[in-house]
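The figures that follow rest on heavy atoms only: side chains count, while hydrogens, waters and symmetry mates do not.
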Amino acid sequence: MPDHAPQPQPQPQPVERRLPTEEARELLALVREIAEREIAPRAAEEEAAGHFPRELFSLLSASGLLGLPYDSAHGGGDQPYAVYLQVLEELAAARLTVALGVSVHSLSCHALAAFGTEEQRASHLPAMLGGGLLGAYCLSEPSSGSDAAALRTRAVRDGDSWVLDGTKAWITHGGIADFYTVMARTGSDGPKGITAFLVPGDAPGLGAAAPERKMGMKGSPTAQVHLDGVRVSDARRIGAEGQGFTIALAALDSGRLGIAACAVGVAQAALDAAVGYARERRQFGRPIADFQGLRFLLADMATQIEAGRALYLEAARLRDEGRPFGKQAAMAKLFCSDAAMRVTTDAVQVLGGYGYTADFPVERFLREAKVLQIVEGTNQIQRVVIARHLAGPESR
């Protein structure tokens, strides 16, 4: 093991960004300030303790950061997706629990914002986007993860209400969310029998299991959510009956871009830590950053990060222009999360023995990067999505 005490790391230089407006530049400056002052200093300690920073989400909401890509008429920030994703990247570089929480919250708002009636949006979105609330997105179940259309949670009509029964799995913010966007079966088997509902977090019959014990992201609660006779009015049905799976997939296209941006943020933080350490650590009478083998490793890490950032931003620009972006979203999620896994692994290697200890953050970045290859559809599913865009559906 190394024979000297860990050294303080120099502060990384901000990423150079091409932003469309002065407002966007001010927004990113605000995010960096919050990240440096409120998020990063407590990240390692709170992650080790499994503490979810709900107070930070209240601050982010008060700062207008929980509804950035949505319409200002309903409390959103009117920001292009290309700007919103760069906010996520900055937050992820400080602490993934916070960035992923913002991404999941945005995902939870998407169904109502995109498919709700004007009355529903006016009634619910202001509180969801800027009222300090926190959302959760409920699609996966214990027996239906990648095969999401096989979900079993059922909603049965009872007059002007629906009664929901079932269990959702792998729910970020499960048990602490103020609202849940829930996909439930209202008709026959398959994707056409699914409907979306907006369920209040305090609805009678709604509960959560103990949070999962995870290798990383310990500050972000992930839990099963149980619906036992949960009654919601038909006014909380989003879209038409049977439209839920279409609504879910539309949200996931955007959510995958959120995961891509988070992955780039984690990778950037790992690179910054590796470069800082390599400049400080001396062996054979000079900084290890002088050795070509390590310099090339850092160069490869930086190249993967820049490529990932360019890929997710191009997909975001397509979305902002109203053009199809599903294929590019899957590519961005696939590439960026795979790159984050490689970059964080290499960062541990740069730090050597210290990289394997909790005295430095890169081991946490490595553990966190792994989950990004799994959430919002595994990277194997992303390859299925991309291939379908290229070659059409598989033969049956």
Less than 6.0 Å separating the ring centroids of H173 and F52?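 Under 6.0 Å, so yes.
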For Y70, check ring pair (Phe, Tyr, Trp, His ring centres under 6.0 Å) against everything at least two apart and list the hits. none
Just to verify, what does Y180 make a ring pair (Phe, Tyr, Trp, His ring centres under 6.0 Å) with, not counting sequence neighbours?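 Applying ring pair (Phe, Tyr, Trp, His ring centres under 6.0 Å) to Y180 gives none.
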Decide, yes or no, whether a salt bridge links [X] with [Y] under the criterion of side-chain N to carboxylate O below 4.0 Å.
{"X": "R317", "Y": "E321", "result": "no"}
{"X": "E36", "Y": "R32", "result": "no"}
{"X": "R42", "Y": "E45", "result": "no"}
{"X": "K218", "Y": "E46", "result": "no"}
{"X": "R17", "Y": "E89", "result": "yes"}

Do S144 and R152 have side-chain N/O donor and acceptor atoms under 3.5 Å apart?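 R152 and S144 do not have a side-chain donor-acceptor pair below 3.5 Å.
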Checking D272 against Q268: is there a side-chain donor and acceptor pair closer than 3.5 Å? yes
Flag side-chain contact, heavy atom, 4.5 Å: E141 against T167: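 E141 does not reach T167 side chain to side chain.
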Residues, nucleotides or ligands: over 12 heavy atoms within 6.0 Å of R18 CZ: no
Taking everything shown except E118 itself, do over 12 heavy atoms lie less than 6.0 Å from its CD?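 Yes.
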Main chain of G377, side chain of K333: is a donor-acceptor contact present, judged purely on distance under 3.5 Å?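 Side chain of K333 to backbone of G377, a donor-acceptor pair under 3.5 Å: yes, one is there.
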